[in-house]
Asker: 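Sharing a structure with you now.
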Amino acid sequence: MSGRADSDTPPDTHAEDTDDAAGQVRRARWTAAGAGAVLALAGVAAALLRLTGPAPALVPVAYACGAAVCALAALLGSRGRTRRALWLLVAGLMVMALGDQFD
């Protein structure tokens with residue numbers, strides 16, 4: 001035995017695959033959390049703007065509820081529940097769009 005590795009054995013690529021999968025998971029978490037936070041802030045800003053205007057009371061309430069759903073999506077996304085966070089983001093945006101229809 002010379003101490004060298006056998007040249008017939010393939011290199012160990014399992015560690016590289018694990019690192020790549022972990023990076024994808026991390027990016028998905030950051031994306032879900034970031035998108036939820038941005039949409040929640042946009043919903044709160046829209047609710048405050050509509051609250052000061054002549055819009056019906058249902059409009060700012062809809063924006064605030066949509067922002068709350070998006071904030072929940074950001075929380076779930078940061079904890080790794082990215083699929084649920086995506087669906088909550090869609091639901092939050094739909095609530096905000098519905099509120100915009102009442103204006």
Asker: In the hydrophobic cluster built from side-chain contacts under 4.5 Å, what are the other members alongside Met94?
Answerer: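 Joined to Met94, directly or through intermediates: Val90.
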Asker: Please report the interatomic distance CD(Gln24) to CZ(Arg29), rounded to the nearest 0.5 Å.
Answerer: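 Spacing of CD (Gln24) from CZ (Arg29) equals 13.5 Å.
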Asker: Once salt bridge (charged side-chain N to carboxylate O under 4.0 Å, His left out) is applied, what residue pairs with a partner in residues 91-100 remain, sequence neighbours excluded?
Answerer: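 Every salt bridge (charged side-chain N to carboxylate O under 4.0 Å, His left out) pair that includes a residue of residues 91-100, provided the two are not neighbours, is Arg50-Asp100.
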Asker: What distance do Tyr63 atom OH and Leu51 atom CG have between them, rounded to the nearest 0.5 Å?
Answerer: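 Spacing of OH (Tyr63) from CG (Leu51) equals 13.0 Å.
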Asker: Give every residue pair that meets the side chain to side chain donor-acceptor pair (under 3.5 Å) criterion with at least one member in residues 36-46, sequence neighbours excluded.
Answerer: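 The answer is none; no pair qualifies.
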Asker: Which heavy atom of Ala62 sits nearest a heavy atom of Gly99, and at what distance?
Answerer: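 That would be CB-CA, 3.3 Å.
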Asker: Could you grab the distance from atom CG of Leu88 to atom CG of Leu75, nearest 0.5 Å is fine?
Answerer: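 Taking CG in Leu88 and CG in Leu75, the distance rounds to 10.5 Å.
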Asker: Membership question, hydrophobic clusters at under 4.5 Å side-chain separation (ILVMFWY): are Leu72 and Val69 in the same one?
Answerer: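 In one cluster with Val69: Leu72, yes.
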Asker: List the atom of Leu89, the atom of Ala32, and the distance in Å for their closest heavy-atom pair.
Answerer: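 Closest approach of Leu89 to Ala32, heavy atoms only: CD1-O, 4.4 Å.
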Asker: Please find the pair of heavy atoms, one from Ala71 and one from Ala40, that lie closest to each other, and give the distance.
Answerer: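 Result for this residue pair: N-CB, 3.8 Å.
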Asker: Identify the heavy atoms of Cys70 and Met96 that sit nearest to each other, and give their distance.
Answerer: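 That closest heavy-atom pairing would be SG-CE, 3.8 Å.
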Asker: If every non-hydrogen atom of Ala28 is compared with every non-hydrogen atom of Thr82, which pair is closest and at what distance?
Answerer: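 For Ala28 and Thr82, the tightest heavy-atom pair comes out as O-CG2, 3.7 Å.
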